[in-house]
Protein chains: 4
Amino acid sequence: MAGTAGKTLPTAAKAGAEVRPRRRRKDARPQELTAAALALFVEKGFAATRLDEIAARAGVSKGTLYLYFDSKEALFKAAIEEGVLPAIEAGEALLDEYGDDPVGLVRGFLRAWWEQIGSTAYGGIPKLMFAEAANFPEVARYYNEAVIQRGVALLRTAVARGIASGVFRPVELSVISPLLISPLIHLATWRNSIAPLCGAGVDPDCYLETHIDLVLHGLCAGKKPDGEQR
Amino acid sequence: MAGTAGKTLPTAAKAGAEVRPRRRRKDARPQELTAAALALFVEKGFAATRLDEIAARAGVSKGTLYLYFDSKEALFKAAIEEGVLPAIEAGEALLDEYGDDPVGLVRGFLRAWWEQIGSTAYGGIPKLMFAEAANFPEVARYYNEAVIQRGVALLRTAVARGIASGVFRPVELSVISPLLISPLIHLATWRNSIAPLCGAGVDPDCYLETHIDLVLHGLCAGKKPDGEQR
Amino acid sequence: MAGTAGKTLPTAAKAGAEVRPRRRRKDARPQELTAAALALFVEKGFAATRLDEIAARAGVSKGTLYLYFDSKEALFKAAIEEGVLPAIEAGEALLDEYGDDPVGLVRGFLRAWWEQIGSTAYGGIPKLMFAEAANFPEVARYYNEAVIQRGVALLRTAVARGIASGVFRPVELSVISPLLISPLIHLATWRNSIAPLCGAGVDPDCYLETHIDLVLHGLCAGKKPDGEQR
Amino acid sequence: MAGTAGKTLPTAAKAGAEVRPRRRRKDARPQELTAAALALFVEKGFAATRLDEIAARAGVSKGTLYLYFDSKEALFKAAIEEGVLPAIEAGEALLDEYGDDPVGLVRGFLRAWWEQIGSTAYGGIPKLMFAEAANFPEVARYYNEAVIQRGVALLRTAVARGIASGVFRPVELSVISPLLISPLIHLATWRNSIAPLCGAGVDPDCYLETHIDLVLHGLCAGKKPDGEQR
DNA sequence: CATGAATGAGAGTTCATTCAT
DNA sequence: AATGAATGAACTCTCATTCAT
């Protein structure tokens, strides 16, 4: 276990070797593989994606995948996990910024989700998770708890505060979060499914801002939602 | 018939048939098969669904599928087509009923979609189509044109009329339809993916009515949306 | 089960019916089936021929085949048997006619084989038997003994008599029969394999007569083979 | 190497290899596979040969076949192609040797065909092509043009020259080639079909030389064919 | 007798996984 | 560490055979 193949993944740069010029940044390998995998899983689904394709897209051989992941399933889980972290982190940041501004928090959440998740390579993850939920229930449960429920709680809190402070009309809190986020998830899903088959489609920014405008008007009832227009 | 998966498709599975008659009506067969297929495709995706399972769920043998469909792919297409017709027909009916009442048409469309599509076995089709779009581009294009774009046009017309008649504020028509329908699609998708893995979840009626309330308030701006609350 | 559609196909016209005008000759059915089977077996081989096709060509349903034959294999054997009888009978007749005329017997045998076997639907049997020998060894052995060896013996006797009477040169009797018959088998095989794919091909009569001319010249050495030219 | 089936194809089966190395030379593989395939196709026909058997005979797994060939059909075509090249090449060589000696060319052609084709593993190809012609018309056409017609032309030319130079009697050139070669094809077919089921059978050399003797006597009419008797 | 819907064992084919190099 | 040839279990699809009508 000591001097066999010498995994060089993490730290110590191979003890006695003097110069080693070509060494990928630290170890980007696993991330490259999960990124390639994620893209293909999103596009075609888990079962329809061949390891050959993933390997080819990552520029390695099929066997190499098994140096980093135990199985196709493990690769799937890693890809999801990888793609889920940004979402979690992004959520935390928002609370700090808009902790006491309900309207800003809602607007900020939606815009941030689109910018940092929906419009990126991670935008396909919701579609992927919905599609594979029955095949990977543990992963789906993890995703639900670690990502969805966290976001749901965040949004709900924001709206609750808005109601408490009189900025928002009273609305049913138990359903407000999915109502606010689902149009964005839908757009992200659309762009990762049917959009590539058709031309054009809606303009994301217009879609996003119209959504924000609409729901804030809806939430604020007669009261004018604050004038900020980005 | 209890409270499990809520299947509303035609005959399918024939409840308690322990003796399997060797020769059944040749006519109902295809629908039974596509119904079984659709349920499984929605649950697990196309590639992860085995023909064995479909046959078993339909109460026939594997070979029987090939008496009615040329291939797994043909069965998939037939299942989609079968599940798509109700949506098309339902749309037409609405225009007749609410042709000149924008608010009623929007509310009617959303409620009808949920009742006749979203809450039935067909509610999984959007998820399925999004998941398989890249693998079945022609089917996805057909679905987009025959179902989505038609519904989009219907909703857009309704809103446009509402704006013209002063009932609605001016909003961006190019994005309004997906904004109105996506929460419902999301709920249907949710019920066909993660919901079975977790308990409870949101109450569909509450979700639906809150959505309607929210967007109509959003659309009507300061004006009171007509009082109907169901 | 009585007065439904009134099948009129086969035999007894429905028990109590008085006149029964349309009744196929005795029972031609089995022969029709074996004939259809033989034609297809010859064309495509045993394994590549589907029972559907045979049934279709015979104008019956697939199930009907099983009323007359226990299995595809049984049908094959029956088809061969059926197609082999004429060959056996034809051989007997020749001996009576040309018993003491070696040249006439050789010439008669070759001409008769072509006319009664090679140029008919039975002409494909040799090809079929050669192709299926390994898959149906018993049938092949039967064919070899009942048909081939009998013909071989006949021809050899004829040549032996010709040599004894000084009409023919001495030649190796153990190989003379296949040498005499193989060009005809080859032509029959050709017509049942490659000929249908190409145009034209050789003229059978010219081929046959040239063969007869050639081998009789070869057998008669310097002596003039008797002048008969058909 | 004893007296059984007389296989002369390349490597094939590798005699006594009880330990099967996991990785073998990627280069010899295809020939080993086509050789195994050809032997079985000849024996049992295309449809009756299972890929399992071919793989087993070649000492590989079923999946390995698909590393080298796209389908069973592709393997069939490759096997034919592989087995056809020697025949083509052998033909060319003969013309150089016997270009101006009709008797020698005819005799040389027949002897060479038997030695290099008929008595080898390739001797089963004619039977195979005749059997599968209807199922693989393109292959049959290719075989006809690339092999048969070329040989036919060669023999016809030889005889034509013999007639022109007065060595041979005038005979119908359009049929002479198949008449000369068909006894050899027949013998080769026989050895690949019925012979294995019966004992003994004719002696190939005796058969061959008697054929040559007979047809040369037939062609030379009264004239003595040159004395060579091997 | 005749049919043809239904069956299920078996064949061709795919692809995740292994391992000698 | 990386490769890719090889594997074999699992899948789709075919078709001889059965049997209710």
Side-chain angles (χ1 to χ4, degrees), chain A residues 4-9 14 24 27 29 47-55 59-75, chain B residues 20-26 29 47-55 59-73 75, chain C residues 1 4-5 7-15 29 47-55 60-75, chain D residues 20-26 29 47-55 59-73 75:
Chain A
T4 40
K7 299 246 179 191
T8 332
L9 272 197
K14 200 108 203 180
R24 275 199 239 239
D27 223 22
R29 225 350 121 62
T49 299
R50 300 205 324 274
L51 287 184
D52 285 320
E53 299 176 271
I54 297 175
V60 302
S61 81
K62 202 168 28 160
T64 299
L65 295 176
Y66 283 84
L67 294 177
Y68 297 92
F69 304 97
D70 284 344
S71 65
K72 190 187 184 186
E73 195 167 326
L75 177 54
Chain B
R20 192 197 305 162
R22 197 178 170 80
R23 172 84 148 286
R24 293 208 283 187
R25 62 273 120 177
K26 167 121 163 92
R29 256 307 146 71
T49 299
R50 301 202 317 280
L51 288 180
D52 287 327
E53 299 176 275
I54 297 175
V60 301
S61 79
K62 207 170 21 165
T64 300
L65 296 176
Y66 285 87
L67 292 178
Y68 298 93
F69 304 98
D70 284 344
S71 64
K72 190 186 184 185
E73 193 167 325
L75 178 54
Chain C
M1 225 166 268
T4 39
K7 301 250 180 179
T8 331
L9 270 197
T11 44
K14 215 90 195 204
R29 217 4 109 64
T49 299
R50 300 206 319 278
L51 287 183
D52 285 321
E53 299 177 272
I54 296 175
V60 301
S61 80
K62 201 168 30 160
T64 300
L65 296 176
Y66 283 85
L67 295 175
Y68 297 93
F69 304 97
D70 285 345
S71 66
K72 190 185 184 187
E73 195 167 324
L75 178 54
Chain D
R20 191 198 305 163
R22 197 177 169 80
R23 171 84 149 283
R24 293 208 284 189
R25 63 271 121 177
K26 168 124 163 89
R29 258 305 147 72
T49 299
R50 300 203 317 281
L51 287 181
D52 287 325
E53 299 177 274
I54 296 174
V60 301
S61 80
K62 207 168 24 159
T64 299
L65 295 176
Y66 284 86
L67 293 179
Y68 298 93
F69 303 98
D70 284 344
S71 65
K72 189 186 184 185
E73 194 167 325
L75 178 55

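Letters go in sequence order (proteins before strands), and every chain restarts at 1.
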Smallest separation among heavy atoms of Lys72(A) and Ala47(A), with atom names: NZ-O, 3.6 Å
- request: Please state whether the base of dT13(E) and the side chain of Lys62(D) form at least one donor-acceptor pair under 3.5 Å?
  value: yes
query: What is the nucleic acid contact for Lys72(A), judged by heavy atoms within less than 4.0 Å: base, sugar-phosphate only, or nothing?
result: sugar-phosphate
- prompt: Should we count CG of Asp52(D) as having more than 12 external heavy atoms under 6.0 Å?
  reply: yes
task: Would you mind reading off the distance between Arg50(B) atom CZ and dA10(F) atom P, rounded to a whole angstrom?
output: 9 Å
- request: Please state how far atom CG in Leu67(C) lies from atom C1' in dT17(F), giving the value in whole angstrom units.
  value: 13 Å
- prompt: How close do Leu65(C) and Leu51(C) get, heavy atom to heavy atom, and via which atoms?
  reply: CD1-O, 3.7 Å
Asp52(B) CG to dT7(E) C1', straight-line distance once rounded to whole Å: 13 Å
Glu53(D) CD to dA11(E) P, straight-line distance once rounded to whole Å: 8 Å
Short side-chain N/O contact from Tyr68(B) to OP1 or OP2 of dA6(E), under 4.0 Å: yes
- prompt: What's the CG-P distance between Leu65(B) and dT14(F), to the nearest Å?
  reply: 12 Å
- request: Rounded to the nearest angstrom, tell me the gap between atom CD1 in Ile54(A) and atom P in dG4(F).
  value: 17 Å
- request: Indicate whether OP1 or OP2 belonging to dA1(F) is found under 4.0 Å from a side-chain N or O atom of Arg29(A).
  value: no
- prompt: What are the two closest non-hydrogen atoms of Ala48(B) and Glu53(B), and how far apart are they?
  reply: O-OE1, 3.8 Å
- line: Between Leu51(C) and Gly63(A), the residue closer to the 5' end of DNA chain F by nearest nucleotide is Gly63(A)
query: What's the CD-C1' distance between Glu73(B) and dC11(F), to the nearest Å?
result: 15 Å
task: State the pairing partner of dA20(E); accept Watson-Crick or G-U wobble contacts with both distances under 3.5 Å, and report none otherwise.
output: dT3(F)
- prompt: Whole Å only: how far is the OH atom of Tyr66(D) from the P atom of dG12(E)?
  reply: 7 Å
- prompt: Nearest of dC13(F), dT7(F), dT7(E) to any side-chain atom of Val60(D)?
  reply: dT7(F)
Toward the 5' end of DNA chain E, by each residue's nearest nucleotide, Ala48(A) or Ser61(C): Ser61(C)
query: So does Thr64(D) get a side-chain nitrogen or oxygen closer than 4.0 Å to the phosphate oxygens (OP1/OP2) of dA6(F)?
result: no
task: Please examine the side chains of Arg29(A) and Val60(A), heavy atoms only from C-beta on, and report whether any two atoms are closer than 4.5 Å.
output: yes
